[in-house]
Amino acid sequence: MAVLDAGVLDRVRRRPEAGGARRAKRPKLGPGKPIPFGIALGPLLLVAAWVLGSATGRLDPETLPAPWTVARTAGDLLADGRLQSNLLTSLQRAVFGLVIGVLVGLVLALVAGLSRLGEALVDGPIQIKRAIPTLALIPLFIVWFGIGEQMKILVIVMSVLIPIYINTHAQLRSVDARYVELAQTVGLSRWEFVRRVALPGSLPGFFTGLRLAVTISWLALVVVEQVNATSGIGYLMTQARTYGQIDVIVVGLVIYGLLGLFGDLAVRLVERRALRWRQTLAD
């Protein structure tokens with residue numbers, strides 16, 4: 001009986017601990033821990049569905065060629081050098097336009113976000129430009145600048161600067177007023193306030209705009225490379241459309257998609273390193 005009583009008492013003592021352990025194992029609210037290589041899961045599922053549809057005959061090869069056909073076409077384009085040369089041209093246009101657009105959008109956001117006069121001068125024209133699709137300006141840009149590289153770069157720049165400006169400006173305007181008061185209390189100069197408070201505070205909005213800008217730069221590139229271009233992935237696709245080469249068109253689409261995906265991934269990695277101080281649900 002003594003042994004039985006001791007066993008019962010031991011179970012009673014352990015019961016609250018077990019309950020506490022169960023409570024400790026309750027899942028947290030939020031999305032949970034990041035899945036390793038989770039960004040590749042969705043694209044891989046799309047490719048798997050493409051492979052399955054082509055293998056079972058559900059996808060008409062005249063409408064959408066099979067993945068192995070597209071891969072063989074890409075190999076042929078690599079072998080004759082057309083893919084590398086056109087891809088290099090497209091990368092140069094996209095990167096050049098993206099860098100200029102980001103710099104212009106950032107400067108305009110700082111001018112409008114840190115000065116009431118700057119906001120009065122800058123914000124109105126930016127909102128007007130935001131309401132006008134950049135693609136609608138292409139005929140005017142062709143008249144002004146011709147059909148050369150200058151026009152193509154300008155279209156990308158005008159497309160990119162809007163998301164950079166909008167998101168960075170909004171983040172600057174939402175900087176906590178207590179930080180401004182603290183900066184005044186400790187006697188920070190205007191430049192020190194911008195460097196230590198305004199710029200770090202605007203980084204989340206800037207990176208959000210940068211992710212949008214990277215994608216938009218490729219969207220703009222697709223369009224401008226089909227307007228009297230003589231090189232680039234878009235030009236390659238336009239030529240393929242003329243001759244009914246659907247597999248070449250799909251190769252171009254896959255390249256655009258991969259460039260957009262890897263570009264967004266690169267921005268997210270930089271953002272994660274730059275904003276280590278910020279705790280979010282994604283951490």
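Below, each value reflects all heavy atoms present in this structure, side chains not excepted, and no hydrogens, waters or symmetry copies.
At a threshold of 4.5 Å between side-chain heavy atoms, the hydrophobic network of Ile, Leu, Val, Met, Phe, Trp and Tyr places Ile128 and Ile138 in one connected group.
Trp50 places a side-chain N or O within 3.5 Å of a backbone atom of Pro65 that can act as its donor or acceptor partner. The backbone N or O of Phe206 sits nowhere less than 3.5 Å from a side-chain atom of Gln171 that would complete a donor-acceptor pair. With hydrogens and angles disregarded, a donor-acceptor distance shorter than 3.5 Å links the side chain of Thr242 to the backbone of Thr238.
No side-chain heavy atom of Leu212 sits less than 4.5 Å from a side-chain heavy atom of Phe207. Side-chain contact between Leu87 and Ile255 is present, with heavy atoms from C-beta onward closer than 4.5 Å. Counting heavy atoms from C-beta outward, Val222 and Ile233 have side chains that stay 4.5 Å or more apart. For the pair Leu203/Leu199, no side-chain contact is recorded, criterion being any heavy-atom separation below 4.5 Å from C-beta on. Between Ile162 and Ile216 the shortest side-chain heavy-atom distance does not fall below 4.5 Å. Between Leu161 and Ile126, the closest side-chain pair of non-hydrogen atoms falls below 4.5 Å. The side-chain heavy atoms of Ile132 and Met158, taken from C-beta on, include no pair separated by under 4.5 Å. Proximity of Leu52 to Arg58: side-chain heavy atoms (C-beta onward) are nowhere separated by under 4.5 Å.
Between atom CG of residue Asp247 and atom OG1 of residue Thr73 there is a gap of 3.5 Å, rounded to the nearest 0.5 Å. Between atom CG of residue Leu259 and atom OG of residue Ser90 there is a gap of 8.0 Å, rounded to the nearest 0.5 Å. Here OG of Ser202 is found 7.0 Å from CG of Leu106. Values are rounded to the nearest 0.5 Å. The line from CD1 of Ile166 to CG of Asp123 is 6.5 Å long, rounded to the nearest 0.5 Å. Atoms CG and CH2, on Asp264 and Trp218 in that order, are 13.0 Å from each other to the nearest 0.5 Å. Between Leu258 atom CG and Leu265 atom CG the span is 12.0 Å, to the nearest 0.5 Å.
Taking the side chain to side chain donor-acceptor pair (under 3.5 Å) definition, one finds that Arg173 meets it with Glu119, sequence neighbours left out. Not a single side chain to side chain donor-acceptor pair (under 3.5 Å) links Gln92 to another residue, sequence neighbours left out. Partners of Tyr235 according to the side-chain contact (heavy atoms from CB on, under 4.5 Å) rule, which considers only residues two or more places apart in sequence or in another chain, are Asn86, Ala229, Gln239. The side chain to side chain donor-acceptor pair (under 3.5 Å) test applied to Asp80 returns Arg82, not counting sequence neighbours. The side-chain contact (heavy atoms from CB on, under 4.5 Å) search around Ala240 returns Gln245, Val248, Ile249, not counting sequence neighbours.
Heavy atoms from other residues, nucleotides or ligands lying under 6.0 Å from CH2 of Trp144 number 12 at most. More than 12 heavy atoms of other residues, nucleotides or ligands lie within 6.0 Å of CZ in Phe145, so this atom counts as buried by the packing criterion.
The two residues Ile246 and Glu62 come nearest to each other via the heavy atoms CD1-O, 2.7 Å. Nearest heavy-atom pair across Pro125 and Val122 is CD-O, 3.2 Å. Summarising the geometry of Gly234 relative to Tyr256, their closest heavy-atom pair is N-OH, 3.0 Å, with the distance given to 0.1 Å. Among all heavy-atom pairs drawn from Ala220 and Ser159, the shortest one is CB-OG, 3.7 Å. Across Gly97 and Val157, no two heavy atoms sit closer than the pair O-CG2, 3.5 Å. The shortest heavy-atom contact between Pro67 and Val51 is CG-CG2, 3.6 Å.
We find that Arg93 and Glu149 are joined by a salt bridge, their nearest charged nitrogen and carboxylate oxygen being less than 4.0 Å apart. Ion pair Arg72/Asp76 not flagged as a salt bridge, since none of the NZ, NE, NH1 or NH2 atoms sits closer than 4.0 Å to an Asp/Glu carboxylate oxygen.
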Could you please spell out the steps behind the side chain to side chain contact (heavy atoms under 4.5 Å, CB included) verdict for Val214 and Leu98? CA-CA 7 Å; Val214 169; Leu98 179 65; 4.1 Å; yes
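Residue pairs meeting the ring pair (Phe, Tyr, Trp, His ring centres under 6.0 Å) criterion with at least one member in residues 147-171, sequence neighbours excluded: Tyr165-His169.
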